[in-house]
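Contents: one structure, followed by commentary.
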Amino acid sequence: MRRNTLRLFPLLLALVAAAPAAIAQTGPAPDPALRAAFVAEATAKYGLEASEVEAWLAKSNHRQSIVAAMSRPAEKVKPWRDYRPIFISDRRIADGQAFLARHRDELAKVEAATGVPAEVIVAIIGVETSYGGNTGSYAVLDALYTLGFFYPASGDPAQLEREAARGRFFRDELMQVMLLAKEEQLDLASLKGSYAGAMGYGQFMPSSYRAYARDGNGDGRRDLFGALPDVFASIANYFVAHGWQRGEPVVALAQAQEGAAPFVPDTLEAKYSLAELGEKGYRPALAQGHDLKATLVTLEGSAGTEYWLGFRNFYAITRYNRSPMYALAVYQLSREIAAGAEAATAP
């Protein structure tokens, strides 16, 4: 009996070693019609070969952890007084100052070329990935495959159209990451990112990567995973493409006149003149010098209600993430980083 057990032991080890690979391939299969339509669209829209699309689909895995992350009930929206400390902490400020100091020369080149301040670029990286310390651990291929073909359904009829649109969005991102890997000589099978498929220091989705990434170091590739000159140039280009204005302000603190009616604009776009906002009872706390276009943002701060005027550059930051609190956190972190850098270089 013992002799037979010993003979079987190598076979048992082989089976155990093979188990994770087998488990990785289990899970639901995409709807055949949807899968076929995906392959057809990828070939027609992006010029991919059907055989390579099929090959990547065969290597993609449904990940329940990704479905769970996407379907997790959204946390209650934090007020500004609780949101701000998450991103503007002593540690994040100090790390940002050190990051800026290490890469000052390269960032200065990008700032001179684009008008996007170095500290704003650094603040984006700080908020998105803690200066590259946490760029995501999910396989990008699996994330986009899972959300493209198995986007979680809430069962709420009112959400049906939105959920279908989100599925289409992620299927398109899956097509684009296949093309991106060819264009930039990336190993698609090894790419890691967020559970939604965002990648690199700046957390670009594949479509944004393809549209806005830039080759900052002149090596002929756009590497947002390890080439910081490319990362800096790409983040700045994203802002320029979304309307960043060289030398213009981002936000200004505002004051509400006594009796001013609450005003919540229907868009974050800076489309109101300061005169128009003044007529509504909201004026800059400090004179701006000229009548810029702005929007009004009202937040609950630690000392009470805060009113902010968001200019065109504020709107550009919200194109990176559509939360006004995100945009204000990036800006305020950038100012803290810049203040430390100025102090460090003062005579």
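As the structure is a prediction and not an experimental result, all values here were calculated from the model.
Within the structure, salt bridge (Lys or Arg N to Asp or Glu O under 4.0 Å) contacts touching residues 266-277 (residues at least two apart or in different chains) are D266-K271. The side-chain hydrogen bond (donor to acceptor under 3.5 Å, both in side chains) contacts involving residues 217-235 comprise E184-R222, where partners must be two or more places apart or lie in separate chains. Pairs passing the salt bridge (Lys or Arg N to Asp or Glu O under 4.0 Å) check and including a residue from residues 135-154, sequence neighbours excluded, read R63-D142.
Below 30°, between 30° and 60°, or above 60°: for F204 and Y209 the angle between ring planes is above 60°, a perpendicular geometry. Relative orientation of the Y326 and Y320 rings is parallel, given thresholds of 30° and 60° on the angle between their planes. The aromatic rings of F239 and W244 sit tilted relative to each other, their planes meeting at an angle between 30° and 60°.
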query: Could you go step by step and tell me if Q203 and T129 meet the side chain to side chain donor-acceptor pair (under 3.5 Å) rule?
result: CA-CA 8 Å; Q203 294 291 278; T129 62; over 6 Å; no
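Atoms OG1 and CE, on T318 and M325 in that order, are 13.5 Å from each other to the nearest 0.5 Å.
Contacts of A236 classified as side-chain contact (heavy atoms from CB on, under 4.5 Å), with partners at least two apart in sequence or in another chain: V110, T114, V116, I121. Residues meeting the salt bridge (charged side-chain N to carboxylate O under 4.0 Å, His left out) test with K192, sequence neighbours left out: none. Taking the side-chain contact (heavy atoms from CB on, under 4.5 Å) definition, one finds that A113 meets it with nothing, sequence neighbours left out.
Taking the ring centroids of F263 and Y272, they lie under the 6.0 Å cut-off.
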